[in-house]
Structures are given as C-alpha cells and as structure tokens.
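Some notes on the structure that comes next.
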Amino acid sequence: MDLKGLSSLMFLSLFFLALDTVCGDVAYSLPEEMKRGSVVGNIAKDLGLDLGKLTARKARINADGNIKRYCDINLNTGDIIVADRIDREGLCGKRASCILKQELVLENPLELHRISVHVQDINDNSPQFKKATKTYEIRESAMKGSRYRLDEAHDADIGPNAIQGYSIEANENFRLNVIAKPGGGKYSELVLEKELDREQQRELTIVLVATDGGTPQRSGTAAIHVTVLDANDNAPVFSQVVIKPVCLKTLLRYCGVSSQLLGSSGEVQNFLCTI
C-alpha cells in the first residue's frame, strides 16, 4: 500500500473513532432564573451511566460554544444542576425558542454527550413606556371622533407574558381604542368622545396602563397630559350693559369690554362712548 492510501486509511479510522466517542443526545427543559444548584435532571440515569465511576472518569460539563458554563454535574448523584444565572432575554432576546448547548465529557474511555437545555420564559419583566409622560396639544374645536395615537409600551418577555392590552382611567372626554398590528403586538389611541371646552378645563391628565398576560400579571403606566388650545368660540361681553346719565350734561365715559378668550382670539378694542 502506498503512502497516499495509508494516509486515507488512517484518516477514516480516526473519523470513525471520533464518531464512537460522541454518544446520544439528551434534552432538558427549565424555566429561566432558577437558583444556582437547582436540579435540571439526572443525566446518569437518563444515559445509563455507572454512578460510581463518574469521579474516576472525570465527568464534567463543558460549554458548547457558550461563553459561560450554565450547568454543572453533581458527581455524587449524577444530577445536572444550574451553575449560573440563566436570563432568557439576555441569551435569546425575542426568539421563540431558546436552547443552551452543553456537553458532558467522560474520560477512560473518552465519551461526549450533547446536552440541549430548553430555557422557558417566565414573567420577570414589566411593560415599560419610553417616556413616563407624554404631552398632547388639542384644540377645543377638535371634532368628536378625532383620534390621537399613543406611544407603545415594550416588554422583554414573549408569548403570553408579553403585552396583552391597554386601558385608561374613566374620564368624560376620551375613550381608548386598542389595535392589533399585523406583525404582532398592539398599540392604542385616544378617541375624543366629548368635545373639549378650554373655558371649563384647560388641562387634563389621563393615566395609560399597559398589562401583560403573565401570572402574576405585571403592568406599566404612562401619564397622558392634554393641553386644550383656545378656539374663537366666545363673543366679547360688555362690562356694563346699560349706562344711565348722571346729569344733563354730555359726558364721555369709558366703556370696558371683556372676553373669555386668550391670545389673538381674545383681543378686543376698548372705546369711548358718549352719554
């Protein structure tokens, strides 16, 4: 046999030897944020390993492509335990599936067992708005049915633990309309139910609440501050409607005029009238 053929044979032998060292996979599922030392599963039992030889064979867990080693093995019991804090949002973000890859390594002879840990989401995040207060300026001439889109809240959790709805406290002027987006998620808008009157109320504050669907349920709030802008909806009013002469002589008297309006709408001209 030439050197080329010998090299090929050696490569194939090493390849199949490597295959022999990689044994069956095992999968576990656990909720995120479990305490260190919590038991994930008994890998010695699941793989049929001799519990008495785990120490002699230097059984250990290696991280497969992860910076941290999130799991460890108890050599006395064969349990896989949590070795470090597991934060699903930090590891996988909004992905629907979050899987940690670990390896059980045994020596004499060498064995590798792949471990897949499915990390389940828990409701450990509350909905949050980017701004705690949002200001809107709305003219009192705004028509009933006018709509004003509100900021969305964000929740790092997924599925039923994500934001499920919005609500506002009861008030005379606005109701809330919640709209589902085609790509998922929801947003809300204020709908004017009763026309505003600046002369009655110049400002109002409404609390917007975002809630998730977790147990226990979590929520976040934002204050909606509405400033009512003036409209020219009041006529000037004389301060003295009837003026009686005090003597027979012709007098010049100042006739004051007032208006409830502000700004340019409230500008009136004062003038002198003859009595």
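Residue numbers count from 1 along this sequence. Note that the structure is a prediction, hence the values are computed from the model and not measured. Heavy-atom basis, side chains included; hydrogens, waters and symmetry copies ignored.
- For the pair K101 and S116, the minimum side-chain heavy-atom distance is below 4.5 Å.
- By the neighbour-count criterion of 12 heavy atoms within 6.0 Å, atom CZ of R139 is sparsely surrounded, having that number or fewer from other residues, nucleotides or ligands.
- By the 30° and 60° cut-offs, the orientation of the rings of F129 relative to Y166 is tilted.
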query: Given the rule in the side chain to side chain contact (heavy atoms under 4.5 Å, CB included) test, do Y70 and V119 qualify, once you have shown the distances and angles that lead to the verdict?
result: CA-CA 11 Å; Y70 292 96; V119 183; over 6 Å; no

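- Contact between E32 and D121 at its shortest, heavy atoms only, is OE2-OD1, 2.9 Å.
- Qualifying salt bridge (Lys or Arg N to Asp or Glu O under 4.0 Å) partners for R36, counting only residues two or more places apart in sequence or in other chains: D84.
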If you look only at distance, which donor and acceptor atoms sit under 3.5 Å apart when one is on a side chain in residues 40-47 and the other is two or more places apart or in another chain?
{"from": "N42", "atom 1": "OD1", "to": "A44", "atom 2": "N", "distance (Å)": "3.3"}
{"from": "N42", "atom 1": "OD1", "to": "K45", "atom 2": "N", "distance (Å)": "2.8"}
{"from": "N42", "atom 1": "ND2", "to": "T77", "atom 2": "O", "distance (Å)": "2.9"}
{"from": "N42", "atom 1": "ND2", "to": "D79", "atom 2": "OD1", "distance (Å)": "2.9"}
{"from": "D46", "atom 1": "OD2", "to": "Y28", "atom 2": "OH", "distance (Å)": "2.6"}

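- Scanning all heavy atoms of the two residues, the minimum distance from R69 to A63 falls at CA-CB, 4.2 Å.
- No hydrogens or angles considered: nothing links the side chains of N161 and D212 as a donor-acceptor pair under 3.5 Å.
- Of the possible donor and acceptor atoms, one in the side chain of N171 sits under 3.5 Å from a partner among the backbone N and O of E169.
- Identified under the disulfide bond (SG atoms under 2.5 Å apart) test for residues 161-217, with sequence neighbours left out: none.
- In this structure, T135 OG1 and H225 NE2 are separated by 5.5 Å, a value rounded to the nearest 0.5 Å.
- Applying the salt bridge (Lys or Arg N to Asp or Glu O under 4.0 Å) test to R149 and every residue at least two apart in sequence or in another chain returns E152.
- Considering every non-hydrogen atom in both E111 and H113, the closest pair reads OE1-NE2, 2.9 Å.
- Separation of atoms CD1 (I224) and NZ (K134) is listed at 8.5 Å; rounding is to 0.5 Å.
- We find that E33 and R85 are joined by a salt bridge, their nearest charged nitrogen and carboxylate oxygen being less than 4.0 Å apart.
- Rounding to the nearest 0.5 angstrom, the gap separating the CD1 atom in I99 from the CD1 atom in I115 is 13.5 Å.
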- prompt: So I206 and Y136, side chain to side chain contact (heavy atoms under 4.5 Å, CB included) or not? Walk me through it.
  reply: CA-CA 11 Å; I206 302 169; Y136 292 84; over 6 Å; no

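- In terms of heavy-atom proximity, D157 sits nearest to K94 at O-NZ, 2.8 Å.
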- request: Test L106 against L49 for side chain to side chain contact (heavy atoms under 4.5 Å, CB included), laying out the working first.
  value: CA-CA 10 Å; L106 297 166; L49 301 175; 3.9 Å; yes

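- Across A59 and L104, no two heavy atoms sit closer than the pair CB-CD1, 4.3 Å.
- In this structure, R57 and P109 have side chains that are in contact, with non-hydrogen atoms separated by less than 4.5 Å.
- Note on E172 versus K194: salt bridge recorded, some NZ/NE/NH1/NH2 to OD/OE distance being below 4.0 Å.
- Surrounding NZ of K131 are at most 12 heavy atoms belonging to other residues, nucleotides or ligands under 6.0 Å away.
- D124 has its side chain out of reach of R88: every pair of non-hydrogen atoms, C-beta onward, lies at least 4.5 Å apart.
- Distance check: N62 CG to L112 CG gives 8.5 Å after rounding to the nearest 0.5 Å.
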message: As a quick check of understanding, evaluate side chain to side chain contact (heavy atoms under 4.5 Å, CB included) for S188 and L208, giving each step before the final call.
response: CA-CA 9 Å; S188 61; L208 174 65; 4.0 Å; yes

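- For residues 88-164, the set of pairs meeting the disulfide bond (SG atoms under 2.5 Å apart) definition, not counting sequence neighbours, comprises C92-C98.
- In terms of heavy-atom proximity, R198 sits nearest to L229 at CD-C, 3.9 Å.
- Applying the side-chain hydrogen bond (donor to acceptor under 3.5 Å, both in side chains) criterion to T227, with sequence neighbours excluded, gives no partner residue.
- With values rounded to the nearest 0.5 angstrom, R60 atom CZ is found 12.5 Å from L54 atom CG.
- The distance from the CZ atom of R218 to the CD atom of Q128 is 10.5 Å, given to the nearest 0.5 Å.
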